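This is a predicted model, so every value here is computed, not measured. Numbers for residues simply follow the sequence, beginning at 1.
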Amino acid sequence: MSLRTPWRNRIGTLSVVLCGALASTLLTATGAHAGESTWTVREQRDGPRAELRLDPAGALSLAVSGRGGTVIAPSPVGIVTERADLSSGLEFTGRSDRSIGGTYRTDAGKTRSRTVHMRESRFRFRTASGARLDLLVRASADGIAYRYALPGDTGDVLREASAFTLPEGASAWLGYYRKDNENLFRAYSAADAPAGEYMMQGLFRTGGGYALVAESDLTGSYSGARLAHDAGSSTYRVKLWDERVRVRGALTTPWRAVITGDLATVTESTFTDDLAPASKVRDTSWIKPGRALWTWLAGGRPAGQSLRMQKGYVDYAAARHWPYTVVDAGWYFDPDQWDVTDPDWQSHSWIPELVRYGRERGVGIQVWIHHRDLDTAAERAQWLPTLEKWGVKGVKIDFMDSEAQETFQWYDTILPETAARHLLVNFHGSTIPKGIQRTWPHVMSLEGVNGAEKKTNTAEHLATLPFTRNVIGSMDFTPGAFQRPERPNAGSDAGELGLSVLYESGIQNLAGTPESYEARPVARHFLEQLPDAWDDTRLLAGEPGSSAVVARRSGSRWFIGGTYAGAAHTAGVPLRIGAGRWLVETVTDGPAGLVRTARTARGGGTLSVDVLPDGGFAAVACRWSPGRTSCDR
């Protein structure tokens, strides 16, 4: 299996790239059958290629191929509205092409500095009755995407014909759909997966490479989607949440995206962010990612109701140099305790006192709040200015539990309002990222994952998440809950520690108790060294459902996290972190607890690590120099 680094930082070859892109996107319009037309789109000669086909009946299909062959077999493309069936009877009327390039920076995610190189082709069609459909297709080194643009007023959308057909023999890693996107990923063959609906983050392995199906740029102008599958079929249809998507005037739908390449390319990809609109937050200087002591699994509702306990958590975070604590349910409005008709109701909260206490110790306070208390303009006008006035740094908004168009219209409203109040956001009971963190960079994380709170996790699920859910954006799994016996790696504290690196989240909510950290001083020390954001990400090794080892760089140091499903063994980890000599400190499980071991290694060589059953490890690597014995800062 190749673990090739994605083709991204390409400087100095602009003329070659442009010439290759132009040649690859020329109109072919000569089909294999009479009356059939085909067109291709790709960004570079050795990158993924989209082939669009219009059959004699005027129906569109799109296929994706990679270096090794077919990634997505010819699959239906089209959309049906209340006034026009734009899935057949189409006539081609023209095409235009453009290059899309540039750079942007993010505050959270796999990399802070991003470079975009894409080729976009707009294909124009019309029906015999004059209804118009534009199909936009984009190609990049790590993906293919398409979306529909309806220039005229064609009414409400009833359904999409969009689907993804996998080639014969494809493997699949899928999670059954839930309205909060919290379900286990399991391995299937694409054709033999049970009939049902799956989350819009399905991973497939084909002869042409891996393919992660996702979407981007979803707003309240449209509806959320899921994958629908029939037994015995290798086709996965796009099914919208709403039976009728309300449309007034012209419409541009979200991107239907296929992130594709070898496993490293998919894992390291920022394709869904690259497709999304640029940041709508002009001043981002206040947006600060970081580690947080999250007190729900540490203390539950009693902790949220106790200023004394919360001050203790602030003290503990301050001693670790963790920038935040997150106060979960229990702290705020309770109709049995507060009378909101009292104009002085806000004075009953102890949050301002906790904010003051935290500020004196360099710890910011974030608070949980229920969606039902922010779902009207009046409630938002009450709560958001109050939280800003108190000095709260961020909000964890929970229980949207919907991907309906109406819910995304609420997202469209709450995002600029929280940005205006300088409130960081962590969505729980929510959708999944879909490019939201590029457009609204104060969104530090989203749940949308069967995370540490659940008692149903498996080691296979832990080893699938880096290749599925976490590919498309920050994931609030909440690692570090050493005290929970329900975790699948309960026999491996090193495996739990490794999740703090393996899973990326703009706010890394650490879910352990202070007592559990004190009982594991090696883990506590590693978490104290953990940076608040990442400059680069690389997949070192892995196979979905079996293992995953990811390295993330901050400055000159690489942090490494690994998880494994199965028996105890000695794992060989390729050190793809740069040539030269490195000092590598590993944290592994020993007979009496966690063991921190320093050794020297060569970049490009192999690091041997002993792992327990369903276990893992954590490590940090820094440049070796004579006399250096630690990577600490």
Side-chain angles (χ1 to χ4, degrees), residues 1-2 48-53 60-78 142-146 160-178 181 183-215 225-240 255-267 269 271-272 432 450 458 460-461 463-472 542-548 565:
M1 174 179 60
S2 168
R49 181 181 69 178
E51 181 176 272
L52 182 66
R53 178 176 299 171
L60 286 167
S61 65
L62 187 139
V64 178
S65 59
R67 285 183 172 182
T70 301
V71 176
I72 301 292
S75 305
V77 173
D142 52 355
I144 299 291
Y146 68 88
E160 289 187 25
S162 315
F164 301 92
T165 299
L166 281 303
E168 185 177 352
S171 302
W173 291 268
L174 304 165
Y176 281 115
Y177 183 77
R178 276 177 48 141
N181 291 283
N183 245 334
L184 293 174
F185 282 91
R186 302 183 188 277
Y188 307 96
S189 72
D192 294 336
E197 297 178 356
Y198 296 93
M199 294 183 286
M200 193 74 173
Q201 43 183 319
L203 178 69
F204 303 92
R205 181 173 57 205
T206 75
Y210 284 84
L212 179 65
V213 173
E215 61 182 334
R226 65 197 80 168
L227 297 173
H229 179 246
D230 298 323
S233 170
S234 60
T235 296
Y236 289 77
R237 294 173 283 108
V238 172
K239 181 177 180 181
L240 302 178
W255 291 104
R256 305 290 172 226
V258 178
I259 306 169
T260 186
D262 61 23
L263 195 56
T265 299
V266 172
T267 307
S269 173
F271 188 54
T272 52
I432 50 181
N450 205 88
T458 65
E460 292 77 13
H461 177 68
T464 304
L465 290 175
F467 311 117
T468 51
R469 167 62 181 85
N470 213 187
V471 170
I472 57 177
E543 172 71 18
S546 298
S547 63

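Heavy-atom minimum distance, I144 versus P48: CD1-O, 3.8 Å. Contact between P466 and V471 at its shortest, heavy atoms only, is O-CG2, 3.3 Å. When all heavy atoms of A73 and P167 are compared, the pair lying nearest together is N-CD, 4.3 Å. Heavy-atom minimum distance, A548 versus F467: CB-CZ, 3.7 Å. Nearest heavy-atom pair across S547 and A463 is N-CB, 3.7 Å. When all heavy atoms of G66 and V71 are compared, the closest pair comes out as N-CG2, 3.5 Å.
Qualifying salt bridge (charged side-chain N to carboxylate O under 4.0 Å, His left out) partners for E215, counting only residues two or more places apart in sequence or in other chains: R256, K434. Y146 pairs by the ring pair (Phe, Tyr, Trp, His ring centres under 6.0 Å) definition with Y148, not counting sequence neighbours.
With rounding to the nearest 0.5 Å, the separation of OH in Y188 from OH in Y198 is 5.0 Å. With rounding to the nearest 0.5 angstrom, the CD1 atom of I432 is 11.5 Å from the CG atom of N470. Once rounded to the nearest 0.5 Å, the distance linking CG of L212 with OG1 of T267 reads 9.0 Å. To the nearest 0.5 Å, atom CG of residue L184 and atom CD of residue E460 are 10.0 Å apart. Atom-to-atom distance recorded for F185:CZ and H461:NE2 is 7.0 Å, nearest 0.5 angstrom. Rounding to the nearest 0.5 Å places CZ of R469 at 13.5 Å from CG of N183.
Between the side chain of S189 and the backbone N or O of D192 there is at least one donor-acceptor pair closer than 3.5 Å. Within the 3.5 Å criterion, the main-chain N or O of I72 finds no donor-acceptor partner in the side chain of T70. Side chain of S75 to main chain of T165: a donor-acceptor pair is present (N/O by atom type, distance under 3.5 Å, no hydrogens or angles). Remark: side-chain polar atoms of T464 are paired, donor with acceptor, to backbone N or O of G545 under 3.5 angstrom. The backbone N or O of S234 lies less than 3.5 Å from no partner atom in the side chain of H229, so there is not a single donor-acceptor pair.
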Which pairs of donor and acceptor atoms, one on a side chain in residues 169-176, lie under 3.5 Å apart (sequence neighbours left out)?
{"residue": "W173", "atom": "NE1", "partner": "P544", "partner atom": "O", "Å": "3.4"}

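With a 4.5 Å cut-off on side-chain heavy atoms, L60 and L52 count as touching. Counting only heavy atoms from C-beta outward, the side chains of E543 and R205 approach each other to under 4.5 Å. Using a 4.5 Å heavy-atom threshold, the side chains of L166 and T206 count as touching. Residues M200 and V238 are in side-chain contact: their nearest non-hydrogen atoms beyond the backbone lie under 4.5 Å apart.
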request  = Take T260 and Y210 through the test side-chain contact (heavy atoms from CB on, under 4.5 Å) and record every step on the way to the result.
outcome  = CA-CA 5 Å; T260 186; Y210 284 84; 5.9 Å; no
key: Step-by-step side-chain contact (heavy atoms from CB on, under 4.5 Å) determination, L62 to V64   = CA-CA 7 Å; L62 187 139; V64 178; 3.8 Å; yes
request  = Show your working on side-chain contact (heavy atoms from CB on, under 4.5 Å) between T272 and I259 and close with a plain yes or no.
outcome  = CA-CA 8 Å; T272 52; I259 306 169; 4.1 Å; yes
ask   = So L227 and E197, side-chain contact (heavy atoms from CB on, under 4.5 Å) or not? Walk me through it.
value = CA-CA 5 Å; L227 297 173; E197 297 178 356; over 6 Å; no
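Under a 4.0 Å N-O distance rule, the pair D230/R237 qualifies as a salt bridge.
For F204 and Y236, the distance between ring centers is under 6.0 angstrom.
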